[in-house]
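Here is the structure we will look at.
Here the structure is a predicted model, which is why all the values come from computation and not from measurement.
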Amino acid sequence: MNHPKGGARQISMMAMAIMIVTTIVSMRGLASQAEFGFTSIFYYVLAALVFLVPYALVCAELASTYTRSGGVFRWVSEAFGTRMGWLSMYLDWQMVVIWFPAVLMFGAVSLAYIFWPEAFDARLAGNRVYTLIIVLGVYWVCTFNTFRGMKYANKLSTLGGLCGTIIPAAVLIIMGVVYLLLGKTVYLPVDKPFWPDFSHFSTIVLAASIFLFFAGMEIQAVQVPGMKNPSRDFPKSVLVATLIILAIFILGTLAIGVVIPESKINLLQSLLVAYNDLWASIGAPWLGNVMAVLITFGVLGQVSVVIAGPSTGLLAVGKAGFLPRSLQHTNKNGIQTTILYVQAAIVSLLSLVLVLLPSVESAYQILSQMSTIIYLIMVVIIYTAFVRLRHTAPNKSRGFRVPGGKFGMWLVTVVGIAGAVLAGVLSFVPPSQIKTGTPAVYVGVLIVGVAVFIAVPLIVYARRKKSWRDANASFYPFDWQIEGRTPDQVSKWPAGYQPTEAQVQAAVNKENDDK
């Protein structure tokens with residue numbers, strides 16, 4: 001993305017804040033924190049301070065510095081070369097692929113709760129065969145819908161975001177307040193303090209998944225160059241967005257805890273049960289079924305747009321010579337059908353975890369944690385790229401800089417990496433609240449899964465061929481290629497230097513010859 005010129009519409013501080021909120025907020029994870037009571041507030045605030053805020057600042061600097069296409073791939077490649085850039089890009093895509101079965105399991109449970117009575121809903125929601133059928137059916141239908149073009153997926157996404165997230169979140173919070181005002185029985189574990197008991201790791205494992213609640217900042221960071229004064233306005237946007245996100249997460253989580261006893265909280269079902277109980281408190285339990293319909297629709301919208309999103313970036317990078325030509329095929333609507341078929345096949349295989357694990361809830365937990373680990377690995381790579389580029393490209397023009405000079409750079413990096421590593425370690429500890437089989441199986445599945453997903457892009461990179469590069473693809477070369485240096489060497493360009501067209505073309509020609 002280039003900086004806006006002339007009369008181009010610029011993104012305001014509040015508009016950016018809303019974009020961040022709509023990208024990050026999701027209802028499906030609230031139940032996992034509800035049983036912590038007031039301790040959940042600590043986890044939410046901690047994740048915001050050590051993950052969302054520092055990561056947002058780092059992504060904003062990278063996005064406003066390297067405004068050409070490529071996103072995460074360009075940021076990391078500028079720092080470490082294309083092998084690490086490709087790995088990061090692939091992990092970003094792979095994280096989303098693993099996320100699909102987890103979010104669709106939540107959608108299947110939501111769909112189950114549109115029926116009557118609730119006892120039937122609960123049995124259906126916990127049935128593995130039903131869940132597997134819904135997960136596979138919905139995903140493949142959304143995939144074929146995407147083949148028709150992005151405008152269809154975007155329409156469904158826009159309506160899904162409004163009806164499946166914003167409205168249900170507002171209803172949950174408002175009805176929670178109404179429930180309290182009516183003097184109904186409150187099940188929130190008020191005996192649990194704000195500070196968690198860190199001596200019992202198995203009881204705080206679910207808190208590790210909270211970091212993925214705040215994932216997606218790199219998506220909106222690429223919009224930073226479109227702000228009028230990013231250095232001043234983006235930190236304000238992050239602050240406003242963080243407060244809104246915390247309010248939705250904290251109040252929504254407490255609303256679930258108020259109406260459902262701690263011992264009966266289920267990762268997938270408790271949100272829907274909470275809606276039923278809240279509406280029943282005013283004599284309208286059938287409205288709980290309506291909420292289930294809205295949330296199901298929200299999941300459809302979310303999945304519909306995300307199916308094509310990350311894979312679009314994968315296609316663009318693949319055409320630059322990182323994917324076999326057979327995977328670069330697009331249909332008449334410009335949709336990367338071959339990649340989407342491969343993506344759907346992986347989602348289908350991962351969904352079979354439902355058959356192997358003790359329950360739908362345990363499968364959901366495994367896939368969620370695996371997705372978290374892969375995402376956090378990518379996050380750590382981005383932090384290190386940020387530090388490297390401050391060293392190798394000191395004079396590069398930056399539309400936004402992390403405040404605080406070198407101290408600010410190291411503060412956000414150390415805090416961000418420490419938070420990511422902590423969450424990653426906790427993800428390998430089997431949660432005591434869920435039956436996931438033996439600890440060895442739980443940890444083994446995570447280790448093997450993560451190892452495979454990291455190995456695949458490295459193998460693809462090692463086997464890449466010159467014939468993979470699409471002659472019609474136009475991918476702007478990296479600064480180190482234009483300057484004729486390696487990524488680890490410090491740039492000699494003076495402040496504000498802009499390479500000439502001849503330099504850029506020479507770098508492109510050399511890249512073509514090398515491949």
Side-chain angles (χ1 to χ4, degrees), residues 3 13 16 20 45-68 70-81 84-85 88 211 214 217-218 220-225 227-242 375-424 478-483 485-499:
H3 293 270
M13 182 275 293
M16 174 61 76
I20 294 172
V45 174
L46 176 67
L49 292 178
V50 305
F51 183 78
L52 176 60
V53 173
Y55 189 51
L57 296 176
V58 166
C59 287
E61 176 166 324
L62 291 172
S64 65
T65 304
Y66 299 97
T67 58
R68 300 287 180 175
V72 171
F73 174 72
R74 181 170 294 279
W75 305 347
V76 178
S77 294
E78 288 283 8
F80 298 112
M84 289 298 292
S88 301
F211 280 74
F214 295 99
M217 192 56 240
E218 68 278 2
Q220 293 303 342
V222 298
Q223 305 289 348
V224 169
M227 300 185 75
K228 182 177 182 180
N229 190 337
S231 297
R232 179 194 66 195
D233 292 342
F234 186 74
K236 294 180 181 179
S237 299
V238 172
L239 177 60
V240 172
T242 300
Y375 185 76
L376 293 174
I377 291 172
M378 183 202 70
V379 167
V380 171
I381 293 174
I382 288 177
Y383 275 118
T384 55
F386 160 67
V387 174
R388 166 67 79 87
L389 289 169
R390 277 287 188 97
H391 171 68
T392 58
N395 298 321
K396 180 76 173 177
S397 176
R398 288 166 167 82
F400 170 81
R401 270 184 178 268
V402 172
K406 284 189 176 181
F407 174 78
M409 176 191 76
W410 284 112
L411 178 63
V412 298
T413 301
V414 171
V415 170
I417 291 179
V421 170
L422 174 61
F478 303 109
D479 285 354
W480 51 267
Q481 290 177 319
I482 300 173
E483 194 174 354
R485 59 181 175 86
T486 58
D488 60 316
Q489 293 177 322
V490 178
S491 172
K492 295 181 180 179
W493 284 348
Y497 182 82
Q498 293 294 329

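A distance of 7.5 Å separates CG in Leu46 from CG in Leu422, rounded to the nearest 0.5 Å. Rounding to the nearest 0.5 Å gives a distance of 6.0 Å between CZ of Arg398 and CZ of Arg390. One distance of note links CG of Asn229 with CE of Met13; it measures 12.0 Å at 0.5 Å rounding. Atom CH2 of Trp75 and atom CD of Glu61 lie 11.0 Å apart (nearest 0.5 Å). To the nearest 0.5 Å, atoms CH2 (Trp480) and CD1 (Ile482) are separated by 10.5 Å. Between the NZ atom in Lys236 and the CE atom in Met16 there is a gap of 14.5 Å [rounded to 0.5 Å].
Aromatic ring centres of Phe400 and Phe234 lie closer together than 6.0 Å. Between Tyr66 and Phe73, the distance from one ring center to the other does not fall under 6.0 angstrom.
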- Query: So Thr413 and Phe386, side-chain contact (heavy atoms from CB on, under 4.5 Å) or not? Walk me through it.
  - Reply: CA-CA 8 Å; Thr413 301; Phe386 160 67; 3.4 Å; yes
- Do Leu389 and Lys396 pass the side-chain contact (heavy atoms from CB on, under 4.5 Å) test, and can you show the C-alpha distance, the side-chain angles, and the key distance before you say yes or no? CA-CA 9 Å; Leu389 289 169; Lys396 180 76 173 177; over 6 Å; no
- Task: Walk me through it: do Trp410 and Val387 pass the test side-chain contact (heavy atoms from CB on, under 4.5 Å)?
- Result: CA-CA 8 Å; Trp410 284 112; Val387 174; 3.7 Å; yes
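Across all non-hydrogen atoms, the minimal contact from Ser77 to Gly85 is OG-CA, 3.3 Å. Taking both residues in full, the closest heavy atoms of Val380 and Ala420 are given as CG2-CB, 3.9 Å, listed atom of the first, atom of the second, then distance. For the residue pair Pro54 and Leu49, the shortest heavy atom distance occurs at CD-O, 3.1 Å. Shown here for Ser88 and Ile381, the closest heavy-atom pair between the two residues is OG-CG2, 3.3 Å. Between Val50 and Gly419, the shortest heavy-atom distance links the atoms CG2-CA, 4.1 Å. Of all the heavy atoms in Leu57 and Val402, the pair that sits closest is O-CG2, 3.6 Å.
The backbone N or O of Val412 sits nowhere less than 3.5 Å from a side-chain atom of Tyr55 that would complete a donor-acceptor pair. Panel note: side chain Asn395, backbone Trp493; a donor-acceptor pair is recorded below 3.5 Å.
Counting heavy atoms from C-beta on, the side chains of Val490 and His391 come closer than 4.5 Å. Taking 4.5 Å as the limit, some side-chain heavy atom of Leu376 sits within range of a side-chain heavy atom of Phe51.
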